[in-house]
Amino acid sequence: MVTTPTRVRFAPSPTGYLHVGGARTALYNWLFARKTGGAFILRIEDTDAQRSTEAHTRVILDGLAWLGLDWDEGPIFQGAHVERHRADAERLLVENKAYRCFCTREELEAQRQATPGGVDLYKYDRRCDRLPPEEIAARVAGGMPFVLRFRMPDAELAWEDAVHGRIGFHGRDLDDLVVLRSDGTPIYNLAVVSDDVAMRITHVIRGDDHISNTPKQIALYLALGAPLPVFAHVPVILDTDGKKLSKRRGAVAVGDYQDRGILPGAMRNFLALVGWSPGEDREIMSPAEMIELFTLEAIQKKPAIFDTAKLEWMNGQYLSRMSGASLAAPVARELEKMGVQVRGAHLLPPYIDAVKSRARTMLEIAERVAIRLDSRRAVLDDKGRKLIEKMGDGYARALVLATDTLRGLGEPEWRAEPILDALKQRVEQEGMKLGDLLQPIRVAITGTTVSEPVNELLEVVGRSSSLARLTAAAERNGASGC
RNA sequence: GGCCCCAUCGUCUAACGGUCAGGACACCACUCUUUCAAGGUGGUAAUACGGGUUCGAUUCCCGUUGGGGUCACCA
């Protein structure tokens, strides 16, 4: 059996950040290409010169690279091929599948307003298509500006969608679409079809919001005599309140999650599962496993809500599978951004291992490492303050006791085990409970009531800094007299 | 409004005519414990509604309702 290699593309327009919905579409294209041994092509749709910028292109490329979605061809800039787009449009005119329309924007707007039954019913009435040839020739000769309009066929325009099944429109419900602007530049729908044909795209995997463009594009494929690709429309991603993800509420750009300390592997894994499921209750998957299991047919038909709580859970899962050493470099970068001095990323792993299991993002890891590295970062929070209030004088007394006990340990014995032994012994002598001594130490060292076991905390913070913090905290709370 | 798409726990989903409707996140309880997590155990929680078809419907068909997309010389 001979199969033609599949060719898919991700075609964002560089008019903004890389939206998580777009990233997921890119991921599905990538998974499909890798699964079928085909090519994943990146095309930048920059025909809207007004809004397209190089910076946005950069952001999109960086975002894809961060997610590990490597492309086989491109980036191809749509703007570089306007000559071909124009040629295709001209061909439609020559073959009488398109016509010149001399209506100005103002006239069109007036026609729309004058629609009997309301503007909702408006459809271009093809008045320019009825112009006599000599009139057209005269207007063209006179330099009158015109757009090229594609004559929408009065026919059924349907296709078998890989995720939705059969979807059908009728040409009579569609307007004659403009394919070439009066300045000669191509319009999106023409450019897309022209490019997809030229790039020999076999599967168009894109957002649901393009369903209504598809019949128009099918009409263009037909008019251009090109074979139709397989279409697969993946549903949109919605916000927690069921509305379209918007910039106002929370993060929508993949860069936002990168900044929050989400790992690319976790993001990729989570994104794959928003709208697709491999079945068998599989959730944590390597890229290879996802490629193995991926099919277009298993993509969900209904829009999905983006649940950041689950994303963070997944990030925690990935975090727990990673060593402190492998996290050192990214954490060092976070610390740098926070303005915390680090004398080399190689010193970080013990600190990261100490805090990792209690954190869900790299940002949290960095914050907690910072507290252990730098006493000025250990600011009292609500939980810490509450404990101090609750303990009253007992707080300072416990700290003095702890300091006194720990001072007995020299630098070489400053290890988790001996520290715990010493504290336990002291607690027994004093007839206290272990927690009564440990919790104040935790607050004095970190400013909060949450941390790894106190003896491990003391070890990682080190002897001199630990003792200094304990002493300072005791003094701040009126223990000078003891 | 026209056209189109969609509908299982709060959320992501499994089921492709017969299951006590399964899993995960979140939540609650218990457990572990040096606080908090993590882990372990258990629990609350869903087939939007109404008609068909069928011995039997989450599943197939129709309608209602609800949600979404799209209707540019934007992409």
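The sequence lines fix the lettering, A, B, ..., with proteins before strands; numbering per chain opens at 1. These numbers come from a predicted model, not from an experiment.
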Side-chain-base donor-acceptor pair under 3.5 Å for Asp281(A) and G22(B): yes
Earlier contact from the 5' end, RNA chain B, for Ala359(A) and Leu108(A): Ala359(A)
Any His164(A) side-chain nitrogen or oxygen under 4.0 Å from OP1 or OP2 of C6(B): yes
A75(B) phosphate, OP1 or OP2, under 4.0 Å from Arg181(A) side-chain N/O: yes
Short side-chain N/O contact from Lys310(A) to OP1 or OP2 of U13(B), under 4.0 Å: no
Pairs satisfying salt bridge (charged side-chain N to carboxylate O under 4.0 Å, His left out), at least one member in residues 433-458 of chain A, at least two apart: Arg372(A)-Glu452(A)
Distance-only donor-acceptor test, Lys301(A) side-chain atoms vs A7(B) base atoms, 3.5 Å: no
ring-ring contact (aromatic ring centres under 6.0 Å, His included) between Phe306(A) and Phe270(A), intermediate numbers included: CA-CA 10 Å; Phe306(A) 195 83; Phe270(A) 177 72; 5.3 Å; yes
Nearest to side-chain heavy atoms of Ala309(A), which nucleotide of C25(B), C36(B), C4(B): C25(B)
Residues Arg105(A), Glu109(A): salt bridge by 4.0 Å N-O rule: no
Donor-acceptor pair present, Asn455(A) side chain and U34(B) base, under 3.5 Å: yes
Sugar-phosphate, base or nothing in reach of Glu312(A), heavy atoms under 4.0 Å: nothing
Option passing salt bridge (charged side-chain N to carboxylate O under 4.0 Å, His left out) with Asp176(A) (candidates Arg126(A), Lys216(A), Arg151(A)): Arg126(A)
